[in-house]
Amino acid sequence: MRSLIRSQLRLALICAGGFVVATAVFVIGIALLPALDETFVAGVPVSWLLLGLGVYPLAISVAALYVRAAQRNEARYRSLAEQA
């Protein structure tokens with residue numbers, strides 16, 4: 001049971017770290033392009049639209065990958081427990 005908990009914790013930390021790094025890169029990329037703040041679509045700066053429309057799909061993707069990997073970890077643990 002401890003190995004399952006450790007593997008789930010490791011997976012959670014990797015996913016959270018990856019999300020933080022990807023979000024930071026996205027924000028830094030937008031900050032390095034100041035022309036995006038001067039361009040408006042429907043009265044909203046393009047940089048805000050990119051943040052709003054870019055971060056949510058990233059979060060959903062990371063969550064979906066986490067769920068798939070967590071289920072795989074649990075299936076491996078279940079198969080090991082059944083063999084013992």
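Because the structure is predicted, anything quoted here is derived from the model rather than measured. Just so you know, these numbers use all the heavy atoms, side chains as well, and skip hydrogens, waters and symmetry mates. Nothing fancy with the numbering, it's 1 onward along the sequence.
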Would [X] and [Y] show up in the same hydrophobic cluster when neighbours are defined by side-chain heavy atoms closer than 4.5 Å?
| X | Y | result |
| --- | --- | --- |
| Val41 | Val44 | yes |
| Tyr66 | Tyr77 | no |
| Leu58 | Leu11 | no |
| Val27 | Leu33 | yes |
| Trp48 | Val46 | yes |

Checklist entry - For the side chain of Ser7 and the backbone of Leu4, is there at least one donor-acceptor N/O pair under 3.5 Å apart? => result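 Side chain of Ser7 to backbone of Leu4, a donor-acceptor pair under 3.5 Å: yes, one is there.
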Item to check | Any side-chain heavy-atom pair of Phe26 and Val55 under 4.5 Å | outcome: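 They are in side-chain contact.
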Checklist entry - Below 4.5 Å, heavy atoms only, C-beta onward: do Gln8 and Ile5 meet side chain to side chain? => result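 No - every pair of side-chain heavy atoms lies 4.5 Å or more apart.
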If you round to the nearest 0.5 Å, how far is [atom2] of [Y] from [atom1] of [X]?
| X | Y | atom1 | atom2 | result |
| --- | --- | --- | --- | --- |
| Arg10 | Ser3 | CZ | OG | 9.0 Å |
| Asn73 | Gln71 | CG | CD | 10.5 Å |
| Leu36 | Ile30 | CG | CD1 | 7.0 Å |
| Phe19 | Ser61 | CZ | OG | 10.0 Å |
| Met1 | Arg6 | CE | CZ | 12.5 Å |

Item to check | side-chain hydrogen bond (donor to acceptor under 3.5 Å, both in side chains) against Ser47, all qualifying residues, sequence neighbours excluded | outcome: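 For Ser47 the side-chain hydrogen bond (donor to acceptor under 3.5 Å, both in side chains) partners, ignoring immediate neighbours, are Asp37.
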